Amino acid sequence: MSDPTADKAGEPAAPGADFIREAVASDLASGRYDYVRTRLPPEPNGWMHIGHAKAFSIDYYVAKDFGGTCNLRFDDTNPEKEDMSYVEAIMRDSRWLGLDCGDRTFFASDYYEKLYELAVKLIKKGVAYVDDLSAEEMSEYRGTAVPDKNNITITPPGRNSPWRDRSAEENLDLFERMRKGEFPDGAKTLRAKIDMAHPNLVMRDPPMYRIRREPHYRTGEAWCIYPMYDFQHPLSDAIEGVTHSLCSMEYEIHRPLYEWFIREAEVFPSRQIEFSRLNITHTVLSKRWLLQIVNEGLVSGWDDPRMPTIAGLRRRGYTPEAIRDFIGRIGIAKTTSMVDIQLLEHCLREDLNKRARRVMAVLRPLKLIIENWPAGKVEMLEAVNNPEDPAAGTRRIPFSGELYIERDDFQEVPPPKYFRLFPGNSVRLRYGYIVTCTGFDKDPATGEIGSVRCSYDPATRGGDAPDNRKVKGTIHWVSTAQAVSLEARLYEHLFSSERPMEVAPGGSFLDSLDRGSLERVEGAFGEPSLADSREGDRFQFERLGYFCVDPDAKPGRLVFNRSVSLRDSWAKIEKKQA
RNA sequence: UGGGACGUCGGCAAGCGGCUAAGCCUCCGGAUUUUGGUUCCGGUAUUCGCAGGUUCGAAUCCUGCCGUCCCAACCA
């Protein structure tokens with residue numbers, strides 16, 4: 001936090017740094033607009049994920065870069081899926097990320113009356129009509145894409161609805177009665193009258209309003225007709241004076257329609273610009289799929305630390321700075337891309353390396369007994385809190401003749417290049433003493449190592465060897481008598497497949513969901529300073545990774561999430577040897 | 001014989017007719033190191049989907065092919 005550049009992370013260098021900023025700069029230069037306003041347009045039907053964070057960041061920082069403003073506007077026009085809890089979650093998460101629109105928070109549902117009036121205007125102009133076709137009929141009349149034998153899609157021209165040429169008066173009357181609730185759900189729609197033979201499917205008289213008797217989370221039962229996205233979005237943008245309506249590539253095909261509504265409704269001409277959405281390896285960024293994972297109980301909730309949601313990342317231990325840095329690094333383009341999740345992890349490590357306090361904890365304890373240690377003696381040793389930040393100071397940790405070390409740090413028969421503890425070998429106990437392994441106990445039945453014995457060199461207090469002898473390995477430890485017990489939760493990627501969205505024919509994206517992606521390690525121990533840590537506190541467990549205190553932690557019951565492991569070059573050596 | 005877009009290193013991504021094609025992640029070496037962490041050095045595209053063309057000169061312009069993605073919701 002002390003790094004002044006940290007808050008700039010995620011903000012691309014300068015106006016013109018990407019094609020969107022170039023376009024905005026050029027619009028300002030040409031006089032097309034004399035100010036800049038963007039908007040974050042979430043639909044409150046799911047929690048915000050990192051893909052939204054990318055999109056929101058673009059909206060937010062483009063506006064900021066040009067001295068403009070950014071509105072948060074909930075596109076809440078589908079009462080069946082939306083909920084206030086989602087609004088609250090999205091607001092909390094965007095604020096946490098630093099994308100704070102303050103009092104510029106709006107709802108499309110607040111524009112229903114205004115949108116209705118604009119629809120009436122289009123009816124009066126003769127460019128919108130009430131249609132009696134059913135959904136199925138409409139689909140058929142539109143002449144939608146059909147796969148042919150070569151799997152190529154062909155689209156015959158659509159046919160006009162028999163109701164297409166109703167008079168403006170009749171349409172007006174019908175539309176008014178739709179609003180009054182005189183017709184059952186789905187019986188009629190209001191459609192834009194454009195061109196049923198248009199090569200672009202979305203231009204074939206798209207629906208503007210549907211009848212749906214479903215209480216809306218904000219407007220209650222005030223309305224039984226709801227506007228569709230294509231109609232609502234450009235006009236909501238216009239109502240707010242949005243200059244640049246930035247969205248993802250799948251809306252590109254909708255741009256002619258976006259412009260058509262603006263032109264016909266004669267409202268403020270916002271400009272839509274598209275960019276490609278984010279994809280990340282080993283996860284999915286589709287609200288539908290994330291919802292399914294949550295609903296089926298495959299994770300603990302939207303904020304499960306394995307989820308790519310902002311709440312999940314936060315609980316996992318991600319910092320807003322790391323997420324913003326990541327977003328800044330992936331760039332903005334129009335190509336379909338798949339970003340390596342390792343980049344996200346790298347951004348977290350880089351951030352936490354600078355700020356996380358170091359601490360020692362042993363996840364899989366193995367008892368180490370120092371045979372020549374004076375019985376009952378406890379020494380306090382000084383340890384550095386953060387070698388990257390001298391201001392973090394030092395702390396004192398207890399050392400004794402009985403310690404826990406990591407099971408991995410002892411091998412009865414060392415593999416090649418292994419330089420930790422094995423019979424006869426010396427190792428440094430971090431901030432402690434240099435010890436030499438003198439033996440070990442093994443359960444003859446199971447072959448499990450029960451404890452390891454060693455002798456220490458009193459001249460090496462603190463870990464320095466006065467005789468300059470070389471001790472290659474340094475391992476972490478915790479004194480058994482003073483250790484605090486803790487639970488560590490280790491996470492793997494939610495999906496074992498690099499591209500879970502590429503589902504095999506007849507399969508499901510859930511096929512590659514890793515059911516073992518959460519591992520609870522219950523019998524772990526940490527140094528005593530961990531005892532008074534609080535929810536959200538972040539640490540580096542030396543040699544293991546970055547951990548943070550999970551909300552499940554209670555007084556006297558420590559629970560840590562591993563946010564990300566440290567880079568592990570030994571694992572690579574091992575892998576190569578295998 | 002529909003429409004729209006995109007194709008530069010394993011992954012992102014600069015490049016906008018003229019220095020030996022930025023940078024980051026990954027990967028591979030090596031140095032430093034009381035975290036096999038960090039940091040630091042070095043290496044990894046004679047080549048820009050392919051084929052032609054224009055030009056003194058092209059990843060950048062033109063033409064044609066090839067490939068990938070999106071569009072069949074009264075969802076957004």
Side-chain angles (χ1 to χ4, degrees), chain A residues 17-18 22 41-43 45 75-78 80-81 131 133-135 138-140 142-147 152-157 185-191 198-203 206-212 225-226 228-230 232-233 247-256 274 276 281 287-288 326 329-347 349-350 353-354 358 360 383-384 387-388 417-420 428-432 434 460 462-465 471-476 540-545 565-573:
Chain A
D18 56 73
E22 275 176 15
E43 185 192 8
N45 65 346
D75 263 0
D76 52 357
T77 52
N78 183 4
E80 289 167 87
K81 293 183 179 172
D131 194 2
L133 254 28
S134 70
M138 191 186 295
S139 171
E140 187 203 324
R142 292 182 91 184
T144 46
V146 180
I152 297 165
T153 57
I154 52 167
T155 80
D185 285 9
K188 293 184 184 335
T189 54
L190 181 70
R191 289 230 255 170
H198 199 107
N200 181 346
L201 262 24
V202 308
M203 297 297 276
M208 294 163 57
Y209 271 90
R210 60 195 185 276
I211 303 173
R212 182 101 302 162
I225 57 172
Y226 291 94
M228 307 289 295
Y229 168 85
D230 281 316
Q232 172 273 129
H233 201 89
C247 61
S248 47
M249 291 300 287
E250 61 262 38
Y251 293 101
E252 192 160 37
I253 193 171
H254 294 250
R255 195 186 335 131
E274 312 83 14
S276 63
T281 57
K287 272 201 262 188
R288 203 184 103 237
F326 171 74
R329 289 188 196 221
I330 58 179
I332 305 171
K334 300 179 78 155
T335 55
T336 305
S337 62
M338 176 67 67
V339 176
D340 194 332
I341 196 166
Q342 287 185 103
L343 178 60
L344 216 208
E345 296 169 345
H346 167 84
C347 292
R349 286 194 189 102
E350 191 170 85
N353 176 49
K354 286 181 300 195
R358 268 124 256 213
M360 290 200 283
V384 172
E388 304 295 318
K417 294 186 180 172
Y418 185 85
F419 51 72
R420 279 113 86 180
R428 176 170 26 241
L429 295 171
R430 173 139 244 225
Y431 300 123
I434 292 172
T460 58
D464 290 310
V471 175
K472 195 121 196 265
T474 298
I475 64 175
H476 60 279
Q540 184 198 97
F541 287 2
E542 292 215 37
R543 303 210 305 131
L544 297 174
S565 64
L566 252 29
R567 282 179 64 208
D568 187 351
S569 53
W570 169 245
K572 283 177 193 166
I573 295 170

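Just so it is clear, the model here is predicted, and its values are computed rather than measured. Below, read A as the first sequence line, B as the second, and so on, with proteins coming before strands; counting in each chain starts at 1.
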- Message: Can you see if the side chain of A:His476 gets near the phosphate of B:U35 - specifically, an N or O under 4.0 Å from OP1 or OP2?
- Response: no
- Return yes if the base of B:U35 and the side-chain atoms of A:Gln540 contain a donor-acceptor N/O pair under 3.5 Å, otherwise no. yes
Using atom types as modelled, flag every donor-acceptor pair under 3.5 Å from a side chain in residues 339-346 of chain A to any protein atom, sequence neighbours excluded.
from     : atom 1 : to       : atom 2 : distance (Å)
A:Asp340 : OD1    : A:Gln342 : N      : 2.9
A:Asp340 : OD2    : A:Gln342 : NE2    : 3.2
A:Glu345 : OE2    : A:His493 : NE2    : 3.1
A:His346 : NE2    : A:Glu350 : OE2    : 3.4

- Write down the distance between CG (A:Asn353) and P (B:G37), rounded to a whole number of angstrom. 12 Å
- Query: Counting side-chain heavy atoms from C-beta on, which of B:G2, B:G37, B:C75 comes nearest to A:Pro387?
  - Reply: B:G37
- Give a yes/no answer on whether the side chain of A:Thr77 brings an N or O atom under 4.0 Å of OP1 or OP2 in B:A76. yes
- Task: Could you check how far CG of A:Asp18 sits from C1' of B:G23, rounded to whole Å?
- Result: 16 Å
- Query: Rounded to the Å, how far apart are A:Gln232 CD and B:A73 C1'?
  - Reply: 16 Å
- Item | Base B:U38 paired with A:Arg349 side chain (donor-acceptor, <3.5 Å) | no
- Message: Measure CG/A:Leu201 against C1'/B:C74 and give the value in whole Å, please.
- Response: 16 Å
- Query: When every nucleotide of nucleotides 6-11 of chain B is labelled 5' to 3' by its protein contacts under 4.0 Å (heavy atoms), B for base, S for sugar-phosphate only, - for none, what sequence of letters results?
  - Reply: SS---S
- Whole-Å gap separating C1' (B:C28) and CD1 (A:Ile573): 13 Å
- Item | From A:Glu80 atom CD to A:Asn45 atom CG, the distance as rounded to the nearest 0.5 Å | 11.5 Å
- Phosphate OP1/OP2 of B:C75 contacted by A:Lys287 side-chain N/O (<4.0 Å): no
- Message: With a cut-off of less than 4.0 Å, is there a side-chain N or O of A:Arg191 near OP1 or OP2 of B:C74?
- Response: no
- Regarding the side chain of A:Tyr229, the nearest nucleotide among B:C24, B:A76, B:U35 is B:A76
- Message: Using the side-chain heavy atoms of A:Glu542, tell me which of these nucleotides is nearest: B:U38, B:A13, B:U35.
- Response: B:U35
- Query: Counting side-chain heavy atoms from C-beta on, which of B:A72, B:C74, B:G37 comes nearest to A:Met228?
  - Reply: B:C74
Please write out each protein N/O paired with an N/O of nucleotides 43-45 of chain B under 3.5 Å, distance rounded to 0.1 Å.
none

- Candidates B:U35, B:A76, B:U38 - which lies nearest the side chain of A:Arg567: B:U38
